[in-house]
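Some notes on the structure that comes next.
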Amino acid sequence: MPDAASTRELETAVRQLAPASDCSGGSLSEEVSLLAERGWLRACLPKRWGGEGWGCEPAGTRDAFDALRALGRANLSLARLFEGHMNAVKLIALYGSEGAASNAASAIEAGALLGVWGADDPADPLGFDRREGELALTGAKRFASGLGLVGRAIVTVAKAEGQQLLLVPVDEPERCDYSAWSMGGMRATQSGQYEFSGVKVRDDALIGAPGDYLREPHFEGGIWRYCAAHLGAAEALYHAMLGQLTDRKRADDPSQQRRIVASAIAIESARLWLLRAAHEVEAAGAEDRKAALSLLAREATEDACRLVMENVERALGMAAHFEGSFVHRMMRDLRLFLCQAMPDAKRGKSAEALAAAAARAEQL
């Protein structure tokens with residue numbers, strides 16, 4: 001694990017690069033190269049593959065959590081790509097063959113960024129046919145983050161028995177459609193649609209069996225990772241608020257003090273929730289029911305983020321809306337990122353878990 005000073009140095013470098021990538025035609029290639037050079041992409045590999053186990057082994061959980069927070073404080077778009085890389089390595093470690101693991105590890109050692117692309121084009125969902133030891137792909141994935149940056153992606157294919165995972169190369173520029181991403185936030189993720197029709201891969205591209213992808217505690221349980229990035233953004237906004245209020249000599253105003261204290265409490269509460277969820281979900285032999293902890297931690301994190309954003313906006317007034325400012329970019333990206341993956345449905349699942357167990361959260 002890099003020491004605290006090198007982590008701060010990387011965080012600062014990423015934050016300084018963020019304005020240049022947050023524009024039409026911008027790219028996170030320099031930031032991804034930094035992650036490779038500093039060993040952060042390799043650190044996500046299990047120790048038996050030469051990594052540090054970030055996000056895939058119990059001993060690497062705290063380091064993974066802190067790394068995601070650090071990138072969240074600097075640039076949420078990069079944090080999103082790094083979380084996808086960490087997730088892809090986790091899935092390969094859980095369900096992949098030794099051949100798939102060896103190939104992925106070699107690619108990452110060479111600087112490759114991995115991703116996980118799950119959203120199908122409704123009109124042309126991803127599928128494949130077996131042909132003489134090969135899989136011939138058809139269809140497309142949308143909302144694919146990291147087009148042109150991700151070298152290999154784990155993609156999902158709907159089968160009668162469940163979602164099947166494949167690890168496939170996604171490095172053909174002519175298959176990328178950036179126009180399919182027209183969101184106001186997370187612009188630097190280089191997201192869009194990737195066309196797979198005509199791609200052929202070997203049978204060893206299959207990762208696990210149908211249905212493995214949705215297994216708990218690692219499916220819903222794994223959302224602690226992107227929530228750690230959310231938390232990092234809230235921490236950065238809190239510090240930006242403190243700094244501007246101090247500079248304006250308004251930090252001793254009672255109304256501002258209430259906002260400072262409420263934000264600090266919310267952030268620390270979310271941090272404790274997420275740490276517990278991460279450690280219990282990633283523990284060896286964790287039970288399926290532990291996934292509910294991540295669902296509850298997601299609720300606590302979203303509430304904290306929204307409270308911090310409201311307090312920042314009230315504390316700074318119009319200064320929070322300067323186009324191109326750090327605060328404006330971070331709030332814009334965080335608002336969109338919080339909408340990921342059907343939050344209402346996740347709230348329902350957490351309520352169902354509590355009711356089924358007739359338990360308080362501490363008893364899960």
Side-chain angles (χ1 to χ4, degrees), residues 24-29 32 36 41 77 80-81 84-85 87-92 94-183 186-214 341:
S24 178
S27 173
L28 288 170
S29 58
V32 172
L41 299 184
S77 290
R80 170 68 186 89
L81 297 188
H85 175 85
N87 188 16
V89 173
K90 173 76 171 182
L91 291 169
I92 296 168
L94 282 171
Y95 308 121
S97 65
E98 285 303 313
S102 177
N103 290 338
S106 296
I108 292 169
E109 286 285 355
L113 178 73
L114 273 57
V116 179
W117 295 350
D120 281 308
D121 178 352
D124 192 18
L126 190 65
F128 66 82
D129 295 316
R130 291 180 183 271
R131 299 175 186 171
E132 299 178 354
E134 287 187 326
L135 306 178
L137 277 59
T138 58
K141 286 293 182 182
R142 62 174 183 163
F143 302 152
S145 296
L147 292 178
L149 295 171
V150 170
R152 301 184 187 192
I154 289 185
V155 297
T156 56
V157 177
K159 293 291 183 181
E161 308 92 329
Q163 295 277 356
Q164 174 65 59
L165 298 175
L166 300 176
L167 179 63
V168 296
V170 290
D171 53 1
E172 298 181 55
E174 64 274 15
R175 294 180 177 276
C176 300
D177 178 8
Y178 297 94
S179 68
W181 182 259
S182 57
M183 300 293 176
M186 303 293 283
R187 295 190 297 214
T189 55
Q190 294 178 228
S191 298
Q193 184 158 298
Y194 193 90
E195 177 58 58
F196 286 93
S197 295
V199 172
K200 294 181 180 179
V201 295
R202 300 186 312 184
D203 271 351
D204 61 7
L206 295 168
I207 302 295
D212 281 346
Y213 180 50
L214 301 183

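In this text, all values refer to a predicted model and were calculated from it rather than measured experimentally.
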* Asked: Can we say Asp177 and Arg142 salt-bridge, meaning some charged N sits less than 4.0 Å from an Asp/Glu carboxylate O?
  -> no
* To do: Please report the shortest heavy-atom distance between Glu161 and Pro210, naming the atom on each side.
  => CB-CB, 3.7 Å
* Shortest non-hydrogen contact from Met183 to Phe143? -> CE-CE2, 4.5 Å
* Looking only at heavy atoms, which two atoms of Leu81 and Leu149 are closest? And how far apart? -> CD1-CD1, 3.8 Å
* **More than 12 heavy atoms from other groups under 6.0 Å of NZ on Lys200** => no
* Supply the atom-to-atom distance Gln190 CD to Cys176 SG, rounded to the nearest 0.5 angstrom. => 9.0 Å
* Is the closest side-chain heavy-atom distance between His85 and Ile108 below 4.5 Å? -> yes
* Below 4.5 Å, heavy atoms only, C-beta onward: do Pro169 and Val201 meet side chain to side chain? -> yes
* Asked: In Å and rounded to the nearest 0.5 Å, what is the OG to CG distance from Ser197 to Leu137?
  -> 8.0 Å
* Asked: In Å, rounded to the nearest 0.5 Å, how long is the span from OG of Ser191 to CZ of Arg80?
  -> 7.5 Å
* For the atom pair CD1 (Ile92) and CG (Leu167), what is the distance rounded to the nearest 0.5 Å? -> 4.5 Å
* Asked: Closest approach of Ala36 and Gly111, non-hydrogen atoms and distance?
  -> CB-CA, 4.2 Å
* **Ion pair check, Asp120 and Lys141, cut-off under 4.0 Å** => yes
* CA sep, side-chain torsions, deciding dist, call: Phe128, Val168, side-chain contact (heavy atoms from CB on, under 4.5 Å) -> CA-CA 12 Å; Phe128 66 82; Val168 296; over 6 Å; no
* Which pair of non-hydrogen atoms, one from Ala104 and one from Leu114, has the smallest distance, and what is that distance? -> CB-CD2, 4.4 Å
* **Flag, side chain of Gln193 to backbone of Ala140, donor-acceptor distance under 3.5 Å** => no
* Atom CD of Glu132: over 12 foreign heavy atoms under 6.0 Å -> no
* Would you say Thr156 and Leu126 make side-chain contact, with heavy atoms under 4.5 Å? -> no
* To do: Would you kindly say whether Ser77 and Thr189 are connected by a side-chain donor-acceptor distance under 3.5 Å?
  => no
* Asked: Which distance, rounded to the nearest 0.5 Å, do you find between the CD1 of Ile207 and the CG of Leu94?
  -> 11.0 Å
* To do: Mind checking the CG-CZ spacing from Leu113 to Arg152? Nearest 0.5 Å is all I need.
  => 12.5 Å
* **Ring geometry between Trp117 and Tyr194 (parallel below 30°, tilted from 30 to 60°, perpendicular above 60°)** => tilted
* Distance-only, no hydrogens or angles: does the Gln164 side chain make a donor-acceptor pair with backbone N or O of Asp212 under 3.5 Å? -> no
* To do: Return yes if some donor-acceptor pair links the side-chain N/O of Arg175 with the main-chain N/O of Glu195 below 3.5 Å, else return no.
  => yes
* Could you tell me whether a side-chain N or O of Ser102 sits under 3.5 Å from a main-chain N or O of Glu98, the two making a donor and an acceptor? => no
* To do: Please examine the side chains of Phe196 and Val170, heavy atoms only from C-beta on, and report whether any two atoms are closer than 4.5 Å.
  => yes
* Any side-chain heavy-atom pair of Leu206 and Ser97 under 4.5 Å -> no
